[in-house]
Amino acid sequence: MRLLSEDGGPAGPSLVYPDLAAEVSRREAAGSPRWVWAAADEAYPWLLDRGAPRLARCHDVKLVEGLLLGHEGRHRRPRSLGAAWARLEGRPEPEDPPESGADDQPVLFAADRHRLPPDADPLTALVAVHAAQQRRIAGSGHPERMRLLCAAESAGALAAVEMGRDGLPWSARVHDDLLTGLLGPRPAGGARPAVLGDLALRIQDALGAPVNPDSPAQVLPAFARAGVHLASTRSHELRGVEHPAAALLLRYKELSRIHAAHGWAWREAWVRDGRFRPEYVVGGVVSGRWATRGGGALQIPRLLRSAVVADPGHRLVVADAGQLEPRVLAAMSGDVGLARAAGEGDLYAALARDAFAGDRPRAKIGLLAAMYGQTSGEAGQLLAVMRRRFPAALALVESAARTGEAGGVVRSRLGRTSPAPSADRFRDDTADPDDGASPDRRAARSWGRFTRNFVIQASAADWALAMLAALRRRLAGIGPEPRLVFFQHDEVIVHTPAELAGLVADAVTAAGDEARRLVFGPVRVLFPLQTHVVECYADAK
DNA sequence: AGCCTACGCGCC
DNA sequence: AAAGGGCGCGTAGGCT
């Protein structure tokens, strides 16, 4: 195993260590190095498997390359170390390898893993690409912001590996009791629970026709024959239907979804040793949100959250940033009225009091419409109120929408950049504004809604990532036991010995403040993290 | 059989 | 006048 010596630099010698994990351990304890590697999702599990400690900091070349390419308007170029190095050398770029799950790649800087040509020395390439990335960061419009973004993204990569390995505490017994209560005893051989078959029969009786309740193509005509004309079989539409089959179908949908998506088969696939271990994909969403592979980790139904139970003597510290996106809009736009509302704990209530005659639901709809670009129904009217009372906030989102409609790109607070619209999804026809309903125009408006939301969602992700990185560092300061076990957009769960839960809760609050300061500077907007110390996730709401 | 899209629903 | 953002993943039903 090789490691670049401290005084090495691009031309310096590399050192060879028979036991790299031990050397990494020694250096991590001796100082606070920032480890530079091609991709944390490959190198870090490999090191942890061999006894390396948790590492404080890293620079993930692949993730940083993705951020820089996006910022430079080259979203679709390959991001691997080999591709970045080939661009530096003026060689043809290799395609990125297909994303895949964990593997047992036995070496850290193996050329083929990163699409390096056979004659390239991986360590030389890594050093050269890292240096070039530092120059590109320094040359970006806001170097401090881009540096922070790259550091937070890289820290996120460490947290993602750790969370995927630690897993979310999951009680098979509680889960089983829930399933049995809803679906009856587990049928043998993966068969459909009797409750579902029974509901299907009752639906057929009610409709007077044999239908598969899972098939909208069969259900719609069956309802039509019964005199009920529906545009779709979506739940919100069925809820307004008097026909007895509607209620039965709604119950069927609810239960069959639990069975199919989070039933016994799901648990056998994803829960081992009392832990649900999804694979987090950092940078999996262009806005900077994480994705997951397998297990649907970002959609754990509320109904099943009672199965998330702390170990004996432990607690879950559950923290979520309420109303994050409107607070982000307030902080970024500097809108005086919205910032005043965002200086309070319940932003929507403050907004309602200040501008919507105390009607909180209408205030919420108006604000969401501004951020999502909704104008149908009541939203259009509420939007007019928003525009009059919060002009700076509306100007920000509407400017982002216009940029997108014209084919331009927008950036988050820290510089994460929206992709340019692809030619097949978008053609600019602003020269022909009278043709209001043309497919091209609709596509442009759709892209405008995307960029409108991007500036908010991506800046919220900036904050969340900075918060996660700060929290991870603060938890390490408490000790080895408190562990991040879940992260979902604006929510984190820490699993900790009960006696440390108070310290963990304090660390959460401090991390939120730190993220606000780092990402948005000295703004009055609050980003409150609601923190609950519980034994069971379901008790946190 | 595998691959693709449409639909629908869970989460934020 | 009208225009609701981002995901993962299940089944159905068509295709090769």
Side-chain angles (χ1 to χ4, degrees), chain A residues 192 196 211-220 230-238 249-250 252-263 265-266 269-270 278-281 283-305 320-325 328-329 364-380 382-383 397-398 400-401 404-405 410 418-419 433-439 441-461 464 486-492 537 541:
Chain A
R192 185 163 76 163
L196 291 178
V211 297
N212 175 354
D214 287 320
S215 169
Q218 293 178 30
V219 170
L220 282 183
L230 300 167
S232 74
T233 63
R234 291 180 186 171
S235 300
H236 70 87
E237 196 160 350
L238 288 171
L249 184 55
L250 281 169
Y252 174 90
K253 280 170 173 285
E254 186 183 5
L255 293 181
S256 82
R257 179 163 180 90
I258 295 278
H259 177 243
H262 286 94
W266 173 86
W270 296 105
E279 183 184 358
Y280 292 91
V281 184
V285 183
V286 288
S287 67
R289 283 183 170 183
W290 290 8
T292 55
R293 250 194 304 264
L298 301 185
Q299 45 181 126
I300 300 171
R302 290 177 176 277
L303 190 61
L304 294 186
R305 293 185 180 183
D320 77 291
Q323 308 166 340
L324 175 58
E325 296 196 348
V328 165
L329 174 58
K364 183 173 177 178
I365 291 170
L367 191 41
L368 293 178
M371 295 192 298
Y372 289 160
Q374 179 188 13
T375 53
S376 65
E378 189 188 21
L382 299 175
L383 210 49
V397 289
E398 288 175 351
E405 289 188 26
V410 295
S418 70
D434 287 336
D435 186 13
S438 78
R441 190 73 197 118
R442 280 203 302 278
R445 278 194 297 254
S446 168
W447 198 260
R449 284 191 298 279
F450 168 65
T451 52
R452 171 196 291 261
N453 184 251
F454 183 95
V455 292
I456 308 293
Q457 186 184 118
S459 300
F486 190 63
F487 173 56
Q488 180 189 36
H489 312 322
D490 61 358
E491 179 174 9
V492 293
Y537 188 18
K541 294 291 177 191

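So that the names make sense, note that chain A is the first sequence line, chain B the second, and so on, each numbered from 1.
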The side chain of A:T292 is closest to which nucleotide in this list: C:dG6, C:dG13, C:dG8? C:dG8
A:P216 side-chain proximity, nearest of B:dC12, B:dG8, C:dG13: B:dG8
Gap between atoms CG and P, on A:D490 and C:dC7 respectively (whole Å): 16 Å
In whole Å, what is the span from the CZ atom of A:F450 to the P atom of C:dC7? 7 Å
Any side-chain heavy-atom pair of A:V219 and A:L230 under 4.5 Å: no
Using atom CZ of A:F487 as one end and atom P of B:dC11 as the other, report the distance to the nearest whole Å. 19 Å
Tell me the interatomic distance from A:W266, atom CH2, to C:dG10, atom C1', rounded to whole angstroms. 15 Å
Flag, side chain of A:R305 to backbone of A:I300, donor-acceptor distance under 3.5 Å: yes
Whole angstrom is fine here: how far is it from CZ in A:F454 over to P in C:dC7? 10 Å
Answer yes or no: is there a donor N or O on one side and an acceptor on the other, between the side chain of A:S459 and the main chain of A:V455, under 3.5 Å? yes
I want to check one thing: is the phosphate of C:dA12, taken as OP1 and OP2, less than 4.0 Å away from some side-chain N or O of A:N212? yes
Could you give the CD-to-P distance, from A:Q374 to C:dG6, as a whole number of Å? 14 Å
Taking the side chain of A:R302 as heavy atoms from C-beta outward, which of B:dC11, B:dG8, B:dC9 is closest to it? B:dC11
Is any side-chain heavy atom of A:L367 closer than 4.5 Å to one of A:E325? no
Given C:dA3, C:dG13, C:dC7, identify the nucleotide with an atom nearest to the side chain of A:R445. C:dA3
Per nearest nucleotide of DNA chain C, the residue lying toward the 5' end, A:A291 or A:S376, is A:S376
What class does the angle between the rings of A:F450 and A:W447 fall in, given that below 30° is parallel, 30 to 60° is tilted and above 60° is perpendicular? tilted
Can you find an N or O donor on one side and an acceptor on the other, under 3.5 Å apart, linking the side chain of A:R234 with the base of B:dC9? no
Choose from C:dA12, B:dC11, C:dG8 the nucleotide whose nearest atom is closest to any side-chain atom of A:D214. C:dA12
For C:dG5, is there a stacking contact with A:Y372, counting only centres under 5.5 Å and planes under 30°? yes
With heavy atoms under 4.0 Å as the rule, sort A:R289 into base, sugar-phosphate or nothing. base
Have a look at A:S215 and say if it touches a base, only the backbone sugar-phosphate, or nothing, with a 4.0 Å heavy-atom cut-off. sugar-phosphate
Just N and O in the side chain of A:Q488: are any of them under 4.0 Å from OP1 or OP2 of C:dC7? no
Looking for any heavy atom pair under 4.0 Å, which part of the strands does A:G294 touch: base, sugar-phosphate only, or nothing? sugar-phosphate
Is the closest side-chain heavy-atom distance between A:H489 and A:L298 below 4.5 Å? yes
Rounded to the nearest 0.5 angstrom, the CG-CD1 distance for A:L303 and A:I258 is 4.5 Å
Interatomic distance, A:Y252 OH vs B:dC9 C1' [rounded to whole Å]: 14 Å
Tell me what A:Q457 touches on the nucleic acid: a base, only sugar-phosphate, or nothing, going by heavy atoms under 4.0 Å. base
So what does A:G295 touch, heavy atoms closer than 4.0 Å: a base, only the sugar-phosphate, or nothing? sugar-phosphate
Touch check for A:E325, heavy atoms < 4.0 angstrom, all strands: base, sugar-phosphate only, or nothing? nothing
Ion pair check, A:E237 and A:K253, cut-off under 4.0 Å: no
Give, ordered by number, those residues of residues 253-262 of chain A having at least one heavy-atom distance below 4.0 Å to an atom of DNA chain B; if nothing qualifies, reply none. A:K253, A:R257
Contact class for A:D320 (heavy atom, under 4.0 Å): base, sugar-phosphate, or nothing? nothing
Does any non-hydrogen side-chain atom of A:L250 lie less than 4.5 Å from one of A:S235? yes
Among the candidates B:dC12, C:dA3, B:dG10, find the nucleotide nearest to the side-chain atoms of A:Q299. B:dG10
Does A:I456 reach a base, just sugar-phosphate, or nothing at all? Heavy atoms under 4.0 Å. nothing
Starting at CD of A:E378 and ending at P of C:dG4, how long is that distance when rounded to a whole Å? 15 Å
Determine the interatomic distance between P on C:dG4 and the same-named atom on B:dC12; round to the nearest Å. 22 Å
